Amino acid sequence: MAGKAKKKVKIEVEKNQDPQEEAVVMMPQDEEGPEVGIEDLPGVGPATAEKLREAGFDELLALAVMSPADLADQAEIGEAVASKIIAASKKMANIGGFVSGGALLERRREVQKLSSKVQSIDDLLGGGFETQALVEVYGAFGSGKTQIGHQLAVNCTLPLESGGLDGDVFYIDTEDTFRPERITQMARGLDLDPDQVLSRIHVARAYNSAHQMLLVDEIKRMSKGLDVKMIIVDSLTSHFRAEFIGRGMLANRQQKLNKHLKELKQLADINNALVLVTNQVHSKPDAMWGDPTKPIGGHVLAHASTFRLYLRKAKAGRRIARLVDSPNLPDGECVYNVTQEGLRD
Ligand code: ADP
Ligand code: MG
């Protein structure tokens, strides 16, 4: 393994690249052979394909799970046509198959755990943040989501025996809140050489949601010579939330978000890595965004994340993390501190 790769890499993406184009880029790690696209559906010409794409349907599986009425409505096509498209998608989509429990257990054996270096948080998570998982950290502004991202980025570079993953980190920063100075403080807090740590954290600022999605492809390209063990998207939802406004955009937004999450999860699986995404709670309850204590992103995100951590402030500068909806751990809470040196019990 290229565990010692210490190259400083910058992520560059051509700004004029059409985000729609990205849908047909093939995943290099697809093992099931060439992927079939929406253009391959019988009776779907360029015009219909364009309509489908504009409505956010860029893969067969997304179509296969629709109802004719909803698809007709969202893609502005006739219901009979929608019905045919759905039927064909069901036949042609790679829906996935069943594997034995033994095979799954084998894969689970490869799971590694990244320590937060805070005992109470590690205990809450049954030993740390698991690889092959997508963890959603959500909470209000200032609740400490970005602090967790920074701390785990630092810890990820630690050797395995110190609770790290001895790996490189890709950090997609959408709110311009990544601070190398903060990494330096936290590295010093663990007696690490800040420059060494910084050289293994590769940061890109995402300018909008399309760019954010393109950066995932860029990680795939850049990860060849590196040992990618963690991908952070801070925040996952801010651009989507700002760009897709109004009820009419909701389906489109959810489909894009779903695709983005799938690609992130794929990176986690392929690299035996951890994906950490941050998310805000609804600040203004309304028809579109709902309950102020709920994370945005709705069911799409709830289903995609393996673990969800809800952060909030407690008295005397302390923080509370609550584990929500874990597949194999009890829900619970823990208390910790954010200090100059990083997160502490
Ligand atoms: P979020 O990403 O959820 O909006 P942050 O992770 O940016 O919130 O948390 C910001 C908080 O982290 C600050 O209000 C402060 O309490 C704490 N914090 C940030 N830097 C430091 C530091 N160097 N020392 C101690 N606490 C810090
Ligand atoms: Mg933040």
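Positions are given from 1 along the sequence. Whatever order the structure lists them in is the order used to number ligands and atoms, beginning at 1. The model shown is predicted, which means the values in this text are computed figures rather than measured ones.
To the nearest 0.5 Å, atom CD of residue Gln280 and atom OG1 of residue Thr278 are 8.5 Å apart. Here CG of Asn155 is found 10.5 Å from CD1 of Ile148. Values are rounded to the nearest 0.5 Å.
Protein residues having at least one heavy atom under 4.0 Å from any atom of ligand 1 are Ala140, Phe141, Gly142, Ser143, Gly144, Lys145, Thr146, Gln147, Arg182, Gln185, Arg319, Val338, Thr339, Gln340, listed by chain and number.
A donor-acceptor contact shorter than 3.5 Å links the side chain of Lys145 to the backbone of Ala140. The backbone N or O of Leu226 sits nowhere less than 3.5 Å from a side-chain atom of Ser223 that would complete a donor-acceptor pair. Proximity of a side-chain donor or acceptor of Ser305 to a complementary backbone N or O of Glu136 within less than 3.5 Å is not detected. At distances below 3.5 Å, not a single donor-acceptor pair connects side-chain atoms of Asp73 with backbone N or O atoms of Ala69.
Between the side chains of Gln132 and Arg108, no donor-acceptor pair is found at a separation under 3.5 Å.
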Would you sort out whether Phe129 and Leu309 count as a side chain to side chain contact (heavy atoms under 4.5 Å, CB included), showing the intermediate values?
CA-CA 11 Å; Phe129 291 78; Leu309 277 182; 3.9 Å; yes

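Within a radius of less than 2.8 Å around the Mg ion (ligand 2), the protein N, O or S atoms are Thr146 OG1.
No more than 12 heavy atoms of other residues, nucleotides or ligands lie within 6.0 Å of NZ in Lys84, so this atom counts as exposed by the packing criterion.
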